[in-house]
Amino acid sequence: MNKVVAGQAIAGKSTAMQNAVTELMRISPLADELAKLFAKAGYGLYLVGGSVRDMMLGRLSSDLDFTTDARPDQVLKIVSAWGDAVWDVGIAFGTVGVTKQGMTLEITTFRADSYDRVGRNPEVTFGDSIEGDLLRRDFTVNAMAIDLANQTFVDPYDGLQALQDRVLDTPATPQESFADDPLRMLRAARFSAQLGFTAAPRVIDAMTSMAEEIERITAERVQAELSKLLLAADPRPGLELLVDTRLADHVLPEVPGMRLAIDEHHQHKDVYQHSLTVLAQAIDLEKSHEPTSEPDLILRLAALLHDVGKPATREFQPGGGVSFHHHEVVGAKMARKRLRALKFSKEIVQDVSQLVFLHLRFHGYGKGEWTDSAVRRYVTDAGDLLPRLHKLVRADCTTRNRKKAAALQATYDDLEKRIAAIQAQEDLDRVRPDLNGEEIMRILGLKPGPDVGKAWKHLKELRLDRGPLEHDDAVAELKKWAAENGIGA
């Protein structure tokens, strides 16, 4: 198996080929064993698509993709006794899944699908050749295969050259490819972010002229691609490709919409560029604060969308100034509406919109003028989002004035220290009134109902304003409030 690539693809030992040899040696026993089973049954077997691409990049995962000339029922017969587990959920599309030795394999019969070009679901047709199967794939870097039986590299559309040039191009014309499946345009943006590849000029032209075709795609699939894009190490190239080709106008219009608003500090060409910088800085803070954690989709969405309310709230001031009063309120509503339209979960919608709503509050802190009550409210309103809010606020500092940037960071350092000090004294993460519901009912002679909730809320507000109260003081305050509102005995 370690001889698969040697001498078959290109002369010499390119980095891609060296990566391939290393990765193939790792999976060779499993792939050899499976290929022999298919050969014994009279069929070929190919490692294909993203698996070959990632192998060349030296990042092959434990999920492997194969293709074969065997029909799905024949594939099932071959792997049923061999695999640790087998499933046929995708068999209508020609795919059989199997796990073996901790690896997940998907084996798909050669496809030669046709599309109605109304939706994106093809009329499934099985093909007869590996070349025909590769022609229907999205990009040439995903249209390479390794013939495991004959130990040869199959690259009819120059995918290896495209990979080495770090270019995204299509096996067929981009117009044909995107008309068949418009989601491929979003995948181009996603691969730009994930792999750092550049779309070929003809791909960019097709994406631009066919941008409205993306409306054929369901919101759920659009959301899945956008999420993968944002979770990449560097989402910026992918987002810029979406905006430059006008695809974003159809899937995330609030982002290109920010190009209309000049930042009030005049430090950036526009709020769009500022937001991309904030996103990049938030990602840097992710890595420095929790280097082993997974990328944070909620933080990244909030960073990208935190200023979407600025165009709608822009006002020009005498003397050339610009203001965006209450853009955090408008922005939170806009973010909530867009994320719901994209079918994000309720948790993500709520958390992102709350971060957008809160991101500007720190700027009222001044040089530390906030009372302890204001600090408590900052923490309580953020709740579990506080660590993300810390990162978002710090990332939102994009001024090129080093002195001003250092002052802002120092001020936020001071706020975090005050939060830590108060938390240590009062356990702000679990702020509750000094009296619970049962005590309120007993003291005021109430039965369960709305008045108990109103009393509880009043005591919580008091707790936030004044900190913990002695029991007798809390009782006195409760009775005073009840008398003023005609509640209780």
Side-chain angles (χ1 to χ4, degrees), residues 57 59 61 189-197 223-243 252 254-255 258 268 271-308 328 331-332 335 338-339 342 344-345 347-363 378-379 381-400 405-406 408-417 419-420 423 429:
L57 294 172
R59 44 172 270 178
S61 73
R190 193 241 296 180
F191 286 135
S192 294
Q194 287 182 330
L195 304 176
F197 287 11
Q223 182 247 99
E225 286 298 327
L226 288 175
S227 295
K228 291 175 184 177
L229 188 162
L230 285 170
L231 291 172
D234 182 12
R236 185 168 192 147
L239 290 169
E240 290 179 330
L241 183 58
L242 288 180
V243 171
L252 202 58
E254 294 79 6
V255 173
M258 288 189 288
H268 296 273
V271 178
Y272 162 66
Q273 293 293 336
H274 162 75
S275 297
L276 293 180
T277 301
V278 172
L279 174 59
Q281 294 185 166
I283 291 171
D284 288 341
L285 289 172
E286 273 183 14
K287 296 173 182 176
S288 62
H289 283 224
E290 294 98 13
T292 61
S293 66
E294 294 296 316
D296 188 342
L297 180 60
I298 289 172
L299 175 63
R300 295 181 183 204
L301 282 167
L304 179 64
L305 301 176
H306 76 285
D307 274 348
V308 293
E328 74 281 12
R338 177 53 51 194
L339 297 178
L342 288 169
F344 279 97
S345 69
E347 177 188 12
I348 290 178
V349 172
Q350 177 59 36
D351 287 353
V352 173
S353 59
Q354 182 69 354
L355 285 169
V356 173
F357 176 70
L358 292 174
H359 84 274
L360 203 62
R361 186 174 296 185
F362 159 71
H363 294 283
Y378 188 75
V379 174
D381 289 349
D384 294 339
L385 295 173
L386 186 62
R388 288 185 173 113
L389 183 59
H390 287 332
K391 295 187 188 77
L392 177 59
V393 173
R394 290 184 180 278
D396 195 24
C397 175
T398 60
T399 176
R400 298 189 184 104
L408 283 169
Q409 296 296 346
T411 303
Y412 205 83
D413 287 343
D414 179 70
L415 175 57
E416 286 203 60
K417 289 176 183 176
I419 290 172
Q423 282 179 322
D429 292 335

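The figures that follow rest on heavy atoms only: side chains count, while hydrogens, waters and symmetry mates do not. Counting begins at 1 with the first residue of the sequence.
The side-chain heavy atoms of I348 and Q223, taken from C-beta on, include no pair separated by under 4.5 Å. The shortest distance between side-chain heavy atoms of L342 and L226 falls below 4.5 Å. In this structure, V352 and L299 have side chains that are not in contact, with every pair of non-hydrogen atoms separated by 4.5 Å or more. With contacts defined as side-chain heavy-atom distances shorter than 4.5 Å, the pair F344/L297 qualifies. Residues H390 and L285 have side chains not in contact (no heavy-atom distance under 4.5 Å, counting atoms from C-beta outward). Within the 4.5 Å cutoff, no side-chain heavy atoms of V393 are placed close to those of L415.
A distance of 4.0 Å separates CZ in R300 from CD in E286, rounded to the nearest 0.5 Å. In this structure, the separation between NE2 on H306 and CG on L360 is 9.0 Å, given to the nearest 0.5 Å. In this structure, L57 CG and F197 CZ are separated by 5.0 Å, a value rounded to the nearest 0.5 Å. Separation of atoms NE2 (H274) and CG (D307) is listed at 4.5 Å; rounding is to 0.5 Å. Atom CD1 of residue I283 and atom OG of residue S288 lie 12.0 Å apart, to the nearest 0.5 angstrom. Note: I419 CD1 to Y412 OH = 5.5 Å, rounded to the nearest 0.5 Å.
The pair E328-R361 does not meet the salt-bridge criterion, since no charged nitrogen lies less than 4.0 angstrom from a carboxylate oxygen.
The side-chain hydrogen bond (donor to acceptor under 3.5 Å, both in side chains) check on T411 picks up nothing, with sequence neighbours excluded. Partners of Q281 by side chain to side chain contact (heavy atoms under 4.5 Å, CB included), not counting sequence neighbours, listed by chain and number: T277, A395, T398. Looking at residues two or more places apart in sequence or on another chain, you find a ring pair (Phe, Tyr, Trp, His ring centres under 6.0 Å) between Y378 and W370. Annotation: side chain to side chain contact (heavy atoms under 4.5 Å, CB included) contacts of A303 (sequence neighbours excluded): V278, L279, A282, L392. Partners of E254 under the side-chain hydrogen bond (donor to acceptor under 3.5 Å, both in side chains) rule, at least two apart in sequence or in another chain, are R338. The side chain to side chain contact (heavy atoms under 4.5 Å, CB included) check on D284 picks up nothing, with sequence neighbours excluded. Shown here are the side-chain hydrogen bond (donor to acceptor under 3.5 Å, both in side chains) partners of R190, two or more places apart in sequence or in another chain: Q194, E225. With sequence neighbours excluded, the residues forming a side-chain hydrogen bond (donor to acceptor under 3.5 Å, both in side chains) with R394 are Q409, D413, E416, listed by chain and number.
The salt bridge (charged side-chain N to carboxylate O under 4.0 Å, His left out) contacts involving residues 383-393 comprise E290-K391, D296-R388, where partners must be two or more places apart or lie in separate chains.
Residue G331 comes nearest to V308 through the heavy atom pair O-CG2, 3.7 Å, listed as atom of the first residue, atom of the second, then distance. Shortest non-hydrogen contact noted between A332 and V356 is N-CG1, 3.5 Å.
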Enumerate donor-acceptor pairs with a distance under 3.5 Å from any side-chain N or O in residues 228-239 to protein atoms, sequence neighbours excluded.
| residue | atom | partner | partner atom | Å |
| --- | --- | --- | --- | --- |
| D234 | OD1 | R236 | N | 3.4 |
| R236 | NE | E240 | OE2 | 3.1 |
| R236 | NH2 | Q273 | OE1 | 2.6 |

Original post:
Taking it one step at a time, do L305 and L339 satisfy side-chain contact (heavy atoms from CB on, under 4.5 Å)?
Top reply: CA-CA 10 Å; L305 301 176; L339 297 178; 4.2 Å; yes
